[in-house]
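To find a chain, count down the sequence lines: A is the first, B the second, and so on, and within it residues start at 1.
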There are 2 protein chains.
Amino acid sequence: MSKSGKTVLIVDDEAPIREMIAVALEMAGYECLEAANAQDAHSHVVDHKPDMILLDWMLPGTSGVEFARRLKREELTAELPIIMLTAKGEEDNKVQGLEAGADDYITKPFSPRELVARLKAVLRRTTPQGIEEPIEVGGLVLDPVCHRVTSFDVPVDIGPTEYRLLQFFMTHQERAYSRAQLLDQVWGGNVYVEERTVDVHIRRLRKALGQAHEHLIQTVRGTGYRFSTKAS
Amino acid sequence: MSKSGKTVLIVDDEAPIREMIAVALEMAGYECLEAANAQDAHSHVVDHKPDMILLDWMLPGTSGVEFARRLKREELTAELPIIMLTAKGEEDNKVQGLEAGADDYITKPFSPRELVARLKAVLRRTTPQGIEEPIEVGGLVLDPVCHRVTSFDVPVDIGPTEYRLLQFFMTHQERAYSRAQLLDQVWGGNVYVEERTVDVHIRRLRKALGQAHEHLIQTVRGTGYRFSTKAS
DNA sequence: CCGACCTGTCACATGGTTGTAACATTGCGT
DNA sequence: ACGCAATGTTACAACCATGTGACAGGTCGG
């Protein structure tokens, strides 16, 4: 995070391919890490905290999909953008890959050009903010580093989606957002879920925050929701 | 929900496909225009100024990419969002499409659901949304971003219709409007409601604003209403 | 394989909003 | 002052947006 250049971890068991990718990315101004299997990759993730991962579908031992799932499951790495690489003909796995948490999907062979373009796109999409500071309002504290929420020092137990929702709200206070906007911002642009789903998660979040903070998330009838410290 | 009233131009050389898309979009509340080639499309763009374009990759004559580039080059149309449509197997062209200025890219076949979802996402992303300034008069503040009205920092509780009514008035001060004009502007042209309904909403709005601002909305007997800061 | 968890969706409950009508009041011309 | 028309005011039933609880499928860890 020190320099402007983002760090990309390349995970593929074939060294020449890694090399080719690395060269392309370095020419585009990225730092590169390389790993041949999931174990090494995991070490790199822990040690160097890359900004994104290029992950081959086929890996010796733990497969790419499996590894992606694992990363998405752990809180510290859940937000790490992943682009899946796959050989031609395996396109049917696309859905599976995306469902495993991949943010994009590239079919080999691909041009360096394409790679860089998609990588940029994903980074742009997934790095709206780099909030390292805890956010506090009332007795409510959201700590992005610890990935935890506390209300008056009491831990609040919420699911990943509610966490992201709350984080979005705490970084976008006072303004009203439509359900569609929230789906876009919190769920991610490419999913399709019912707008009413937002209501349910709002409900869960309100419930989890308890009555002490219930008023923080306000309903804007006919429009959507708003996070505000001011009374309605 | 969304009476967005946005207009979408569908450009594809196959009429059945155009038709299918048009039906899907119309069910979602969009207006549709259709064109079979780049020439017709361009006329439509000039004549009807659509809010976005669905552009098939393959077109007789000028190709989709070419057309997209042309649109992006001209100043008047440079901001027009474009979604590219492409048949399966042409995925390699994706980068080229995006570089030509397309805002998104959908592979045929696609579900109407997906189409509408992506379309919404693109429109949301490309619609300049945040530049709306709060309007202030006296101690009365209407903030479109927060979707909130305050009178001397005290929140004013009004329904959606009163909100829209007030917003219209605050952006059209000093002039008298007939009930018919207000129905047109605030309710939307094609609804049928009694003109007296306006009176009721005016009343509700006056009441909500309180005595401090009651004089702002003036009755113009025999004509309609007027929003004015000057005393009558 | 099971059980705990999370998620998205539904059906239903609830409460706010809306349009309309009925009645009260005001303004204006005579 | 009177009558008429325009507007103010209130009440209300239908409607609609949201709140709420339950459920099925899926994932993950044991």
So, applying side-chain hydrogen bond (donor to acceptor under 3.5 Å, both in side chains) with Glu162(B), which one of Arg206(B), Gln167(B), His201(B) is it? His201(B)
Specify the separation, in whole Å, of atom CZ of Arg179(A) and atom P of dT9(C). 14 Å
Residues Lys207(A), Glu214(A): salt bridge by 4.0 Å N-O rule: no
Whole-Å distance, Leu182(B) CG to dT7(D) P, equals 12 Å
In whole angstroms, how far is the P atom of dC6(C) from the NZ atom of Lys207(A)? 13 Å
Between Asp13(A) (side chain only) and Ala36(A) (backbone N and O only), is there a donor and an acceptor less than 3.5 Å apart? no
How many Å lie between CG on Leu165(A) and C1' on dC6(C), as a whole number? 15 Å
So, is the end of the Arg175(A) side chain (NZ or CZ) under 6.0 Å from the ring centre of Tyr177(A) and within 45° of the ring's axis? yes
Atom-to-atom span, CG of Asp199(A) to C1' of dA13(C) - whole angstrom: 14 Å
Report the residues that fulfil salt bridge (charged side-chain N to carboxylate O under 4.0 Å, His left out) with Arg179(B), sequence neighbours left out, ordered by chain and then residue number. Asp199(B)
Determine, for nucleotides 19-30 of chain C in 5'-to-3' order, which nucleotides have protein heavy atoms under 4.0 Å from the base (write B), from only the sugar-phosphate (write S), or from neither (write -). BBB----BB---
State yes or no: are the ring centers of His213(B) and Phe227(B) separated by less than 6.0 Å? no
How many whole angstroms separate atom CZ of Arg70(A) from atom C1' of dT27(D)? 16 Å
Using a 4.0 Å heavy-atom cut-off across all strands, classify Tyr225(B) as base, sugar-phosphate, or nothing. sugar-phosphate
Just the rounded figure in Å: distance from C1' of dG29(D) to CZ of Arg69(A). 14 Å
Closest-nucleotide ordering on DNA chain D, the 5'-leading residue of Arg206(A) and Val220(B): Val220(B)
